[in-house]
Asker: 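Once you've had a glance at the structure underneath, I'll fire off some questions.
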Amino acid sequence: MNEPATSACSKTRNPFTGVEANAVGVRVDAISKKYDGVTVLKNVTFDVQPGEIFVMMGPSGSGKSVLLRQISGLEYPTSGTVTVDGMDPCLEETRYRVRIGLVFQAGALFNSLSVYDNLALYPREHRSGGEASIREKVMHALRILSLEDAARKFPSELSGGMKKRVSIARSLVMEPQLMLYDEPTSELDPVMSATISEIIATLKNEYSVTSLVVTHDRALALTIANRVGILMAGRLVTLGTADDLRSSTDPRIVDFLNPKIDIEHPRFKKLEAQEKDTS
Amino acid sequence: MKRIVSILEGVGSVVQLLVKSVSYAPTLPRQWARFVEQCYLIGYTTMPIVSILSFFIGTVLALEAGYSMEGFGAKEYIGSLVGLSMARELGPMMTSVLLAGRVGSAITAELASMTVYQEVDALTVMNIPAARMLVLPRLAAILVMMPVLTVIANIVGWFGGAVVARYVSFVGISSESYFAALRHYTKFKDVIYGMEKAEVFGFVVVLVCCNIGLSTRGGPREIGAAVTRGVVVSLILILVLDYFVTKVLM
Ligand SMILES: Nc1ncnc2c1ncn2[C@@H]1O[C@H](COP(=O)(O)OP(=O)(O)OP(=O)(O)O)[C@@H](O)[C@H]1O
Ligand SMILES: [Mg+2]
């Protein structure tokens, strides 16, 4: 189990070989996004260098998933621009030139297809190789994520964490040049989380895959990140290396990275106190 | 005013989807398996209900014709009435109505759920356009299956009429004279005319249902709303188009 991604990748045929990885960069330029008058992203600007691992953190509801939708070209921002390798990610031509893998927060597996077919869909549709080579690729990706036994299962028969892993495996089979992860470790145990970190690091180190990782997982963020950004209420409040972040004195960031757990005064007790005040 | 704008927007997005799907037509041979699957789902599974419905439409037509024509001793012409009404109007019409209820609702539900659960987004990111993988095989399948369904509806309906003509005592004409009249007045071009109508209705139903499914926004609750909208819009379109297509083809 849990074969280290590095050794797996040194084999000659695997999901990552043959990727002549011309690393791609991402530029997010002053984007804002409004849904029905509610502004979810506010003037966010940053870039992800080719071959870099950029980690975006932030509290729940701060707009991280929405940001990934703009970068992956699923939606246009209300204002500002996003470019991937200098091109508009919403255009079909861009998708032909740059392979973008997106690991959805909820997995977004194809429910009518088995796990195996979920992974095989991309190479089949884009006619990359015969069925035998596709099989090899798919099984290899499944092995990396310890999913060999699930190949014949359907998404409805998987646990939450398994769905997440299938979703990651499905993106790996695409041999992506840019990987976008939405909470890749949120439903996984520590061992599997470590595997995911290894995968992200290996993709960068050996194949110069540019990665943008959205996560709440501080350990993951501070280990793999070249740079970290923190998004709060739709605004990018800080941007720097992991060390910059650790040494930051901004109280919002300190609180976010080191949340205090105060068992003596749980939230509902405070609420009870408030209620007493008002009555 | 808002309603008109939203109707126009709907028409626009349907046309866009059509153009996009048709532009992927060269990929159809590669998608053979999906095409066959859709033919099975759209055509084969609809056959039993189309047959049952057409049979009883045929019987009712023959009954009513027998009742009204008895008065002026024209019972021998029942065959022509059933033959022509089935081929030119009721066959294509009722097949399309069934299609809207059975296939249109299924297509809308499937595509709406794929949209709501981000499967369509996943396809987009993988550069597999929904118009190519989800819409095109369905459109191709309906074009192939609609004439088949219509012919089945016609034949079963004609036989339904024959059964009534022969066995219901107050009508009571022989099968020979029923079919003689049917053959004499129902020409091949009438059957073709009915098929053309059916082809238009079926294509529009599938296209509109695909579009409504793919433009679903929001949560699981919207899937149900989308299905209702798909069926209602399809039925309205069939009835409205029926007039115009009839007018054009006449
Ligand atoms: N399609 C939409 N329509 C309207 N509002 C939306 C839509 N998508 C997201 N939002 C709003 O945008 C805000 C940010 O959502 P987002 O999903 O990006 O949060 P997040 O940072 O990914 O949170 P989490 O860590 O919990 O996944 C939320 O307040 C949400 O209600
Ligand atoms: Mg999110």
Side-chain angles (χ1 to χ4, degrees), chain A residues 35-36 65-66 68-75 84 89-113 117-128 131 155-156 163 166-168 170-182, chain B residues 2 6 16-17 19-24 26-38 40-42 106-138 210 213-220 222-223:
Chain A
Y35 289 113
D36 310 321
S65 299
V66 171
L68 287 188
R69 288 183 70 79
Q70 320 302 311
I71 296 175
S72 57
L74 290 170
E75 284 170 8
V84 172
C90 288
L91 300 179
E92 217 170 291
E93 294 100 278
T94 312
R95 297 208 182 93
Y96 275 109
R97 298 251 309 268
V98 184
R99 290 181 301 277
I100 304 176
L102 171 57
V103 177
F104 286 82
Q105 189 164 11
L109 302 178
F110 306 119
N111 285 310
S112 58
L113 301 180
D117 290 332
N118 259 280
L119 268 67
L121 184 70
Y122 181 87
R124 279 181 189 152
E125 283 294 314
H126 293 276
R127 291 198 277 187
S128 48
E131 201 57 34
S156 58
K163 282 186 190 159
V166 174
S167 182
I168 294 172
R170 184 176 69 180
S171 296
L172 291 184
V173 173
M174 291 174 68
E175 302 181 354
Q177 291 157 287
L178 170 64
M179 271 293 263
L180 308 170
Y181 303 85
D182 200 344
Chain B
K2 222 173 156 189
S6 81
Q16 260 181 351
L17 185 64
V19 171
K20 243 178 139 184
S21 313
V22 170
S23 76
Y24 292 117
T27 66
L28 201 54
R30 279 205 277 135
Q31 305 201 60
W32 186 248
R34 271 184 212 128
F35 167 71
V36 172
E37 187 193 2
Q38 289 304 326
Y40 174 81
L41 290 175
I42 290 177
I107 290 179
T108 317
E110 185 177 353
L111 298 198
S113 113
M114 288 186 76
T115 308
V116 166
Y117 292 110
Q118 293 186 311
E119 291 181 40
V120 173
D121 286 343
L123 284 176
T124 308
V125 175
M126 294 168 119
N127 200 11
I128 305 172
R132 185 176 86 199
M133 181 176 142
L134 302 175
V135 182
L136 179 67
R138 287 177 168 85
C210 282
L214 288 176
S215 43
T216 310
R217 293 288 166 270
E222 306 304 322
I223 299 173

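Chain letters run A, B, ... following the sequence lines, proteins first and then strands; every chain starts at 1. In this text, all values refer to a predicted model and were calculated from it rather than measured experimentally.
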Asker: Is chain B contacted by the side chain of F110(A), its backbone, both, or neither, given a heavy-atom distance below 4.5 Å?
Answerer: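 Both parts, backbone and side chain.
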Asker: Counting heavy-atom pairs closer than 4.5 Å to chain A, which one of T124(B), T27(B), V120(B) comes out on top?
Answerer: T124(B)
Asker: Is there a donor-acceptor pair closer than 3.5 Å between any side-chain N or O of R30(B) and the backbone N or O of E125(A)?
Answerer: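 Indeed, once roles are kept as given, a pair shorter than 3.5 Å links the two residues.
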Asker: At a 4.5 Å cut-off on heavy atoms, which part of L102(A) comes close to chain B: side chain, backbone, both, or neither?
Answerer: both
Asker: For residues M126(B) and N118(A), report the shortest heavy-atom separation together with the two atoms involved.
Answerer: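 Nearest pair, atom of M126(B) first, then N118(A): CE-O, 4.5 Å.
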Asker: Can you tell which of M114(B), Q31(B), R132(B), E110(B) has the highest number of heavy-atom pairs within less than 4.5 Å of chain A?
Answerer: R132(B)
Asker: Taking OH in Y40(B) as the centre, count heavy atoms belonging to other residues, nucleotides or ligands within less than 6.0 Å. Is the count above 12?
Answerer: no
Asker: Do you know the tightest heavy-atom contact between A122(B) and A108(A)?
Answerer: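 Shortest heavy-atom contact: CB-O, 3.8 Å.
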Asker: Please report the closest heavy-atom contact between D121(B) and L74(A), naming both atoms and the distance.
Answerer: O-CD2, 3.6 Å
Asker: For the residue pair V125(B) and R95(A), what are the closest heavy atoms and their distance?
Answerer: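 It is O-CD, 4.1 Å.
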Asker: For the residue pair E119(B) and N111(A), what are the closest heavy atoms and their distance?
Answerer: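 Minimum heavy-atom contact is OE2-ND2, 2.8 Å.
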Asker: Between L180(A) and chain B, which part of the residue has a heavy atom less than 4.5 Å away: side chain, backbone, both or neither?
Answerer: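 L180(A) has no heavy atom closer than 4.5 Å to chain B.
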